[in-house]
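Right, one structure below, let's go through it.
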Amino acid sequence: MSIQYEVEQLADSYGAADSFPKDFGYGEEEEADIEDSPALSDSKPRILLMGLRRSGKSSIQKVVFHKMSPNETLFLESTNKIYKDDISSSSFVNFQIWDFPGQVDFFDPTFDYEMIFRGTGALIFVIDAQDDYVEALGRLHLTVSRAYRVNPEINFEVFIHKVDGLSDDHKIETQRDIHQRANDDLADASLEKLHLSFYLTSIYDHSIFEAFSKVVQKLIPQLPTLENLLNIFISNSGIEKAFLFDVVSKIYIATDSSPVDMQSYELCCDMIDVVIDVSCIYGLREDGSGSAYDKESMAIIKLNNTTVLYLKEVTKFLALVCILREESFERKGLIDYNFHCFRKAIHEVFEVGVSTQRPQTVGSPCTKAVALNGTPRNTV
Ligand SMILES: Nc1nc2c(ncn2[C@@H]2O[C@H](COP(=O)(O)OP(=O)(O)OP(=O)(O)O)[C@@H](O)[C@H]2O)c(=O)[nH]1
C-alpha cells in the first residue's frame, strides 16, 4: 500500500530512541510527582496476571507495556517471584500490573492473598490454548472463587492465549469448551453471580492489545463520558472512526459507539508506531535529549484508497487517532476546531494539570479521585 506520508510537526524535542518508551512525557509542569509517593503506589488499583507456568503471562506484559517484540519472549526466563510493574509513569494506565509466577502456590498461608485481592481491579487468568487446559481450568476455578469471596467487585477476565497456533474452527471450539466448563464449575459451586469474560489472544497479532483495551476500559469510570465526547466529535466532523489511545501501550481506552473492526484498530496502531519511530529517528536534539511525543505531536497519513488517518496529541499519554474519507478532510479547519473543543473537554474530564486537585487526590479517601493522567485512583 503506498502511503503519502505527511508529518506536519512531530515535536520540537524528542527523547533518545532507546529511552522510549520509558518516559516520553514532556512538560515539566505535568510531571506527576505525586506518582512517586510510595504510599500512593501501594494503593494503586492492580491488574493481576495469573495462570499456569509458561502460559504466557510475562510475555503479555512485556509485549503490551514494554514494547518487547513477540519473538524475544521465547527467551524469557520463568518468573519466580511476584513481579510488580508500575507503569503509571509512562502510561495513562495508572495501575500496577502484578505478574505471578506460575509455580507458586499463592494460597500458601505465608501469602496474604486477602490483601492482594482486596486492592485488585481486574484479575486476568491466562490459559494456554495450545496445551491441555484441564489443569488450567481447575486452577482458574480455585483462583476466581477465592478472589470473589474476598472481593466480589473484581473483574474476572480469561485470556484464552496463544491462539495463533490454532485454526479458526479450532479457536471457536476451544473458546466454547472453556467457556462451558468454567461456567459449569462455577454453577456447581453456586457461584453463578461470578461473571467471567473470555478473549481469544495472541502476542503475535493485535488481539492481545484489543483484549487489554477492554480490560482497562472496564476500570475507567469516565468511559461513558469519553464515548459521548467521541461520538459528538466524529458526528460533527465527518469522521468515520476515532480511538483514544494510550500511546505507550497502544491500548485504546475509548472509542465512539460504532463497532470496532480489527483492521481499523490495527491501522491506527501502525500509525502510532510510524509516528513514534519517525519521531525517535529524526526528531532528536543533537544531544539526544527531549521526548518522542509531546504537545506538538500530530500526523496526517493519506492512503491510496481515499482514506486519511489523523493523529493528534490529547494529553501527555493520550492521542486521538481518526479514520476519515478524503472528502471529509477538505474541511480540515472544522476538524481542527472541533478537535480543539474535544481536547479541552477531555482535559476537563480528567482535570489534567489542575494543580489545585493535587492535595485532594493525595491520600484522599474519595473513591472518584483521579490522577493527573486521568486514571482513577483508589477505586477499589
Ligand atoms: N505461540 C505463542 N507463544 C507464546 C504466546 N505468548 C507467549 N508465548 C510463549 O510462551 C512461552 C512462555 O511465556 P512466558 O511469558 O515466560 O510465560 P509465563 O506464564 O510468564 O511463565 P512463568 O513465568 O513460568 O509463570 C514463551 O516461550 C513465549 O514465547 C503467544 O501468544 N503465542
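As the structure lists them, so they are numbered: ligands from 1, and atoms in each ligand from 1.
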| field | R53 neighbourhood, listing ligand 1 atoms whose heavy-atom distance to it stays under 4.0 Å | value | 24 (O), 25 (O)

| message | Donor-acceptor pair, distance only, cut-off 3.5 Å: does the side chain of Q217 make one with the backbone of Y252? | response | yes

| query | Does the side chain of T307 pick up a donor-acceptor pair with the side chain of N305 at under 3.5 Å? | reply | yes

| message | I'd like to know whether ligand 1 has S55 as a neighbour, heavy-atom separation below 4.0 Å. | response | yes

| query | Ion pair present between E72 and K62, side-chain N to carboxylate O less than 4.0 angstrom? | reply | no

| query | Does an N or O anywhere in S59 fall below 3.5 Å from an N or O of ligand 1? | reply | yes

| task | Give the numbers and elements of all ligand 1 atoms closer than 4.0 Å to a heavy atom of D164. | result | 1 (N), 2 (C), 30 (C), 31 (O), 32 (N)

| field | D246 and V216, any side-chain heavy atoms less than 4.5 Å apart | value | no

| So which bit of K62 gets within less than 4.0 Å of ligand 1, heavy atoms only: side chain, backbone, both or neither? | neither

| said: Under 4.0 Å from a heavy atom of Q130: which atoms of ligand 1 are those, numbered in the order shown and with their elements? | reply: 1 (N)

| Taking both backbone and side-chain atoms of D99, is any N or O found less than 3.5 Å from an N or O belonging to ligand 1? | no

| message | I need the atoms of ligand 1 closer than 4.0 Å to a non-hydrogen atom of S202, numbered in the order shown. | response | 31 (O)

| field | Closest to atom 17 (O) of ligand 1 among G56, A129, S207 (heavy-atom distance) | value | G56

| query | Do you know the tightest heavy-atom contact between R46 and W98? | reply | NE-CZ2, 3.1 Å

| said: Suppose I only count heavy atoms of L74 and a 4.0 Å limit; which atoms of ligand 1 are within that range? | reply: 27 (O), 29 (O)

| query | For the atom pair OG1 (T143) and CE (M50), what is the distance rounded to the nearest 0.5 Å? | reply | 6.0 Å

| message | Below the 3.5 angstrom mark, is there an N/O of T201, backbone or side chain, next to an N/O of ligand 1? | response | no

| task | Report the distance from atom CZ of R149 to atom CZ of F117, rounding to the nearest 0.5 Å. | result | 11.5 Å

| message | Only heavy atoms of T73, strictly under 4.0 Å: list the atoms of ligand 1 that pass. | response | 26 (C), 27 (O), 28 (C), 29 (O)

| said: Check D131 with K162, please: is the shortest side-chain N to carboxylate O separation under 4.0 Å? | reply: no

| task | Give yes or no for whether the N/O distance cutoff of 3.5 Å, strictly under, is met between I203 and ligand 1. | result | yes

| query | Is it the case that more than 12 heavy atoms not belonging to E173 sit under 6.0 Å from its CD atom? | reply | yes

